[in-house]
2 protein chains.
Amino acid sequence: MTADDIKAMLHASKTMQAIQSEVENTNRIALSVDCVIFGFEENKLKVLLIRSDLKKYKEKWSLLGDLIKPNEDLDSAAYRVLHQRTGLDDIFLEQVHTFGAVKRHPAGRVVTVAYYSLINVEHHKLKILDNELHWQDVKTVTDLAFDHQEIFDTCYKRLQKRIQEHPLGFNLLPKKFSLRELQNLYESILDIKMDRRNFRKKFFSMNLLTDINEMEKDVPHRPGKLYQFNFKKYEKNKKTWIGIDF
Amino acid sequence: MTADDIKAMLHASKTMQAIQSEVENTNRIALSVDCVIFGFEENKLKVLLIRSDLKKYKEKWSLLGDLIKPNEDLDSAAYRVLHQRTGLDDIFLEQVHTFGAVKRHPAGRVVTVAYYSLINVEHHKLKILDNELHWQDVKTVTDLAFDHQEIFDTCYKRLQKRIQEHPLGFNLLPKKFSLRELQNLYESILDIKMDRRNFRKKFFSMNLLTDINEMEKDVPHRPGKLYQFNFKKYEKNKKTWIGIDF
DNA sequence: ATTTAATGTGTAATATTAACACATTATTTG
DNA sequence: CAAATAATGTGTTAATATTACACATTAAAT
């Protein structure tokens, strides 16, 4: 579509002109993205938080976010925030919900699009030198700044749901992992205990794991086998996942 | 929080000032809501569409939407659009996804928050006098204006998923309905055939239906019993719903 | 009185999920 | 080097949930 096309369209439609005028003038709103960045460390599900900008919220932590630029796609903005903070590309990212209460942010009307992402903590460990940032156990996240607690809760619930429907968990693990690590991951995310035999049976029956004939090293007990995630057969296994009720 | 509090905060934080300035000036974007309004009529799942504003898209249908006002909550904007078009209050509404590609709308940068809603067609039949509006069978929705096809597809998939997890379907039915109507609804939404006996067994076992001791009237065959939806026991039945795989 | 088009009902086979225990192995400790 | 430790690895049975399937019944229409 050329500029002339657009002009022609605009002249052709009164309604359209009205929209155009509104778009240009009064009805614009600041838009941001906020990312709930999950990582798995020390057998705990953690979230990356930053000290709040505002004096009033100085003691509180908040999610990582930024304003969306006028020429930037939503997802690009979310990726930008992630890349800036973690140095990682190619990150799992899912849009969750848009929060737009008029008074949600003290700086004025800011509507925010919330994403969560799953990252492999090992891959970017060196990047968090900044002491404004830290990884926090999700179980202890209770009082974030602004409406970020609500955003976090919503994203965490979404993750809990998704992980029972799709094999997302692998994004949080190193390339090679043991079944214990995998089960710990699920147990941390869902905050439940699972039966080891049934868990193993389930994953093996789904053909998602490739046995790479390596063993764990430097563990103070009998080492377990290491596996890799096998994406190939995933599509065939959409039906049931981990049989956990909420 | 008083105005002075805000002022104090703003002076206290350089970053905050920067945000404030950006919020006020350059980084604002037009925001809209678009609603995929579902209705159930003649045993078909339908969607309410409006003829497109734009000359270029004159032959195409589009979703109902409007710009969000600077002092309006997101959900309020969606409710407003629904109320304006259907005259109904107290409508089932769920936010689905926010679409924000820079070039998604020919009128310039407009980010849109998509909702779907479920309405009882009987309740508002009289309101659609406007010939710019019509109900269209979802099966024939193939070429909407702008990116509305993508929005529609996303919302329809969400509905298909949700209806297997929660008892939303009742929002589309009259207060009293037969099991045939209920099953037709599920079959239309999911675009599958279901076994009648198993369907009935499932719903009865969930204690969601109240037998009101009335029968269908004016049907050209043996009339069925009428039921009402019973919300009371819903929370207890979160686990399984209609056992359909995707 | 017959045809029509639906309602209403139960059981058996299959698949999935849940519960449950013991021998094995590498490491660490005494 | 023997014992203790802390994990891995493995199979079966019971309970539950899902699927497949057929015939008598009823009210209205012809």
Rounded to the nearest angstrom, tell me the gap between atom [atom1] in [X] and atom [atom2] in [N].
{"X": "A:K217", "N": "D:dT8", "atom1": "NZ", "atom2": "P", "answer": "18 Å"}
{"X": "A:R200", "N": "D:dG11", "atom1": "CZ", "atom2": "C1'", "answer": "13 Å"}
{"X": "B:E216", "N": "C:dA5", "atom1": "CD", "atom2": "C1'", "answer": "12 Å"}
{"X": "A:N198", "N": "C:dT16", "atom1": "CG", "atom2": "P", "answer": "14 Å"}
{"X": "B:M194", "N": "C:dT7", "atom1": "CE", "atom2": "P", "answer": "15 Å"}
{"X": "B:F199", "N": "C:dT9", "atom1": "CZ", "atom2": "C1'", "answer": "16 Å"}
{"X": "B:K202", "N": "D:dT16", "atom1": "NZ", "atom2": "P", "answer": "15 Å"}
{"X": "A:I192", "N": "C:dA18", "atom1": "CD1", "atom2": "C1'", "answer": "13 Å"}

Of all the nucleotides listed (D:dG11, D:dC21, C:dT17), which has the minimum atom distance to the side chain of A:K201? D:dG11
Output the single nucleotide from C:dT7, D:dC21, C:dA19 whose closest atom is nearest the side chain of B:D195.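 Selected nucleotide (nearest to the side chain): D:dC21.
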Who passes ring pair (Phe, Tyr, Trp, His ring centres under 6.0 Å) against A:F152, sequence neighbours left out?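 Here the qualifying residues are A:Y156.
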I'd like to check the ring pair (Phe, Tyr, Trp, His ring centres under 6.0 Å) partners of A:Y116; sequence neighbours left out, ordered by chain and number.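 With sequence neighbours excluded, A:Y116 shows a ring pair (Phe, Tyr, Trp, His ring centres under 6.0 Å) to A:F92, given in chain and number order.
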Tell me every residue that passes side-chain hydrogen bond (donor to acceptor under 3.5 Å, both in side chains) with B:E59, counting only those two or more places apart in sequence or in another chain. none
By side-chain hydrogen bond (donor to acceptor under 3.5 Å, both in side chains) - contacts of A:K60 (at least two apart):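 A:K60 satisfies side-chain hydrogen bond (donor to acceptor under 3.5 Å, both in side chains) with A:D143 only.
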So, B:D75 versus B:Y115: side-chain donor-acceptor pair below 3.5 Å or not? yes
Classify A:K225 by what it touches in the nucleic acid, base, sugar-phosphate, or nothing, heavy-atom distance under 4.0 Å.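 Sugar-phosphate only.
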Pick base, sugar-phosphate or nothing for B:R180, based on heavy-atom distances below 4.0 Å to the nucleic acid.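 If one applies the 4.0 Å heavy-atom cut-off, B:R180 turns out to touch the sugar-phosphate alone, with no base involved.
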Please report the closest heavy-atom contact between B:L45 and B:L159, naming both atoms and the distance.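 So the two residues come closest at CD2-CD2, 4.1 Å.
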Letter by letter from the 5' end, nucleotides 21-30 of chain C scores (B base, S sugar-phosphate only, - none; protein heavy atoms under 4.0 Å) B--BBBS---
Which residues satisfy the side-chain contact (heavy atoms from CB on, under 4.5 Å) test with B:T142, sequence neighbours excluded?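 Checked B:T142 against side-chain contact (heavy atoms from CB on, under 4.5 Å); zero matches.
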